[in-house]
Colleague: 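My structure is below; once you've seen it, I'll send some questions.
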Amino acid sequence: MSTQDVATQSSELYERALKVLPGGVSRNTLLRDPHPAYADQASGCHIVDLEGKSRIDFANNMASLVHGHADPDIVRAVSAQLERGTAYTMATEIEVRYAEHLCSRIESFDKMRFVNSGTEAVMVGMKAARAWTGRPKIAKVEGAYHGGYDYVEVSQAPSPATWGNRDRPRNVPLVHGTPQSALSDVVILPFNDPERAIKILDEHCEDLACVLLDLMPHRVGLQLADPEFVHAIRDWTVRHGALLVLDEVVTFRCEHGGLQARYDIHPDLTALGKMIGGGFPIGAIGGRSEVMDVLNPRAKRVLYPHSGTFSANPISTTAGLIALEKFDAEAIKRLNTLTKRLLLGIEDAIRKTGARACVSGGGSMIRVHIKEHVPHNYREVFASPEEQYRLKVLLDHLFDEGFLMINTCAACLSTPMTEVEVDALISAFVTGFEKITETA
Ligand SMILES: Cc1ncc(COP(=O)(O)O)c(C=O)c1O
């Protein structure tokens, strides 16, 4: 088949998709011009599209694949489990073994429950906080992404026209038709601004069930939270009987015990997802025994009845446990060191080319911004139309050069990667930065 024929095959597929999927996609983040890239197959850190073009995969299904694609150990174990059934109306040994692994790995986990996605994990965390405190409101950081659920979607993507005063950011709905009641039960905090954040929290101390926090929120710039900010929030929750719920759906990959291990804090609850499924859909919520016991169906008074048809299914738990056993402290350290090499290499490329760009990140993730200085909060991350245009030029260049990135120009690494793939990406950034400097 000629390249021309195959290219036609992709665009024809998109034509068909447009008839049955809104916008022709199931996930907005996969949309590209003129059509999404269609995957044919993937192995390790390489992904091949329908046209037969192979790329190095730095997107890793939005940070969910720590061992890349089709890891042989995961494939073997999941294939064996497939023969034995995929979902039962019975409990399994594997869910207990995996829960034991996570509870021994994360210091703040006494008990936990599996769910089916990061969105669901955060949702269960919020509802558990409400059930525990008997209070209705949650607080979250402006611009932070915590999945597709009414309350956490509030102020996920406000604009300068809607976000209001810095001292009291507005509650901006993401979805048209979001009930006013959902908006009113969310309190928006500026990231890394303890003084303003505490002032805002003080106005709601009677009503707040929890503060929901990501320690390195991707959409807020992929910058580590300042310890001062985190501790101020933690102290506030303790003083006012609210819970601290951490969203480690992404950041769990940064440290063996989660990013929380670096901050010396013990959140009441933590939401997990993405990498803990070893490539399959999953989520988990865990934390202090007393709080997790709001979910206990054997309690005298059951505060939060909870179930889920595919929760703790043996495919996701089998894949997840193997993925995490292989992602031990040594593997994490190697990947983080490799990521540091990428970050320093990109900084060097920016210096050499004089591009107006910068790079942030931590653990095994980085994000490139078309900004002079690393943004500190969502308002600083917000890209002008011209910055958006140059980011698109850069992303298209990297794509054409054989690199699949997350659509914000973020990259996350996987264990099959070595210096070879990292150095190749740095070289592609050099030519990409030259290109955007020319178009400036
Ligand atoms: C920090 C964070 N929390 C929650 C979610 C939601 O996870 P899921 O897409 O599995 O529902 C995401 C997804 O990108 C995320 O990045």
Side-chain angles (χ1 to χ4, degrees), residues 25-31 58-66 106 113-129 138-157 174-175 186 189 191 210-225 230 244-255 258-260 267 269-287 308 310-313 315-317 319-320 323 360-367 378 381 405-412:
V25 284
S26 300
R27 302 160 69 181
N28 284 7
T29 42
L30 302 194
L31 194 60
F58 279 94
N60 279 302
N61 193 33
M62 300 303 234
S64 64
L65 306 172
V66 275
I106 304 173
R113 275 221 174 167
F114 290 107
V115 290
N116 300 289
S117 67
T119 295
E120 201 183 336
V122 171
M123 178 187 81
V124 173
M126 268 184 46
K127 290 172 70 174
I138 66 148
K140 62 158 290 208
V141 162
E142 186 172 55
Y145 184 84
H146 298 286
Y149 177 51
D150 282 354
Y151 299 88
V152 299
E153 281 176 345
V154 177
S155 290
Q156 187 191 98
L174 180 76
V175 180
V186 181
L189 308 174
F191 188 57
C210 67
V211 180
L212 173 63
L213 188 64
D214 181 338
L215 296 170
M216 191 175 68
H218 171 202
R219 304 270 166 183
V220 187
L222 204 73
Q223 270 273 63
L224 287 166
V230 177
L244 176 64
V245 180
L246 287 191
D247 180 345
E248 290 232 44
V249 167
V250 170
T251 57
F252 186 37
R253 59 162 42 230
C254 296
E255 294 287 341
L259 194 48
Q260 58 194 263
L269 294 171
T270 301
L272 303 177
K274 301 219 186 222
M275 81 158 184
I276 68 158
F280 291 84
I282 203 168
I285 184 81
F310 282 97
S311 292
N313 74 78
I315 300 296
S316 300
T317 46
S360 63
S364 47
M365 285 190 78
I366 60 102
R367 179 174 169 185
Y378 175 77
V381 170
M405 303 284 285
I406 291 176
N407 62 346
T408 53
C409 210
C412 60

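In each ligand, atom 1 is the first atom listed, and ligand 1 is the first ligand listed. Counting from 1, the numbers follow the sequence of the chain as shown.
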Colleague: Report yes if His146 has an N/O atom closer than 3.5 Å to an N/O atom of ligand 1; otherwise report no.
Modeller: no
Colleague: Does Met62 reach ligand 1, in the sense of a heavy atom lying below 4.0 Å from it?
Modeller: no
Colleague: Knowing that exactly one of Asp214, Thr119, Leu213 qualifies, which makes a side-chain contact (heavy atoms from CB on, under 4.5 Å) with His146?
Modeller: Asp214
Colleague: Who's the nearest protein heavy-atom neighbour of atom 3 (N) of ligand 1, and how far?
Modeller: Asp247 OD2, 2.6 Å
Colleague: For ligand 1, which atoms sit closer than 4.0 Å to a heavy atom of Ser117?
Modeller: 10 (O), 11 (O)
Colleague: Does the side chain of Val381 reach to within under 4.5 Å of the side chain of Gln223, using non-hydrogen atoms?
Modeller: no
Colleague: Distance under 4.0 Å to a non-hydrogen atom of Asp214: what atoms of ligand 1 satisfy this?
Modeller: 1 (C)
Colleague: Answer side chain, backbone, both or neither: which part of Val249 comes under 4.0 Å from ligand 1, heavy atoms only.
Modeller: side chain
Colleague: Indicate the atoms forming the closest heavy-atom contact of Cys254 with Gly362, along with that distance.
Modeller: SG-O, 4.3 Å
Colleague: Ligand 1 and Ile282, any nitrogen or oxygen pair closer than 3.5 angstrom?
Modeller: no
Colleague: Please report which non-hydrogen protein atom sits nearest to atom 16 (O) of ligand 1, along with the residue it belongs to and the distance in Å to one decimal place.
Modeller: Val250 CG2, 3.4 Å
Colleague: Can a non-hydrogen atom of Lys274 be found less than 4.0 Å from any atom of ligand 1?
Modeller: yes
Colleague: Using a 4.5 Å cut-off on heavy atoms from C-beta on, say whether the side chain of Ser311 contacts that of Asn116.
Modeller: yes
Colleague: Do the side chains of Thr408 and Arg219 get nearer than 4.5 Å, heavy atoms only?
Modeller: yes
Colleague: Could you tell me whether the side chain of Thr251 and the main chain of Leu259 form a donor-acceptor pair under 3.5 Å?
Modeller: no
Colleague: Could you list the atoms of ligand 1 found under 4.0 angstrom from a heavy atom of Gly118?
Modeller: 6 (C), 7 (O), 8 (P), 10 (O), 11 (O)
Colleague: Less than 4.5 Å apart, any side-chain heavy atom of His218 and any of Arg367?
Modeller: yes
Colleague: What atoms of ligand 1 come within less than 4.0 Å of a heavy atom belonging to Tyr145?
Modeller: 1 (C), 2 (C), 3 (N), 5 (C), 12 (C), 13 (C), 14 (O), 15 (C), 16 (O)
Colleague: Does the side chain of Ile138 come within less than 4.5 Å of Val152's, by heavy atoms?
Modeller: yes
Colleague: Please could you name the atoms of ligand 1 that Thr119 approaches to less than 4.0 Å, counting only its heavy atoms?
Modeller: 6 (C), 7 (O), 8 (P), 11 (O)
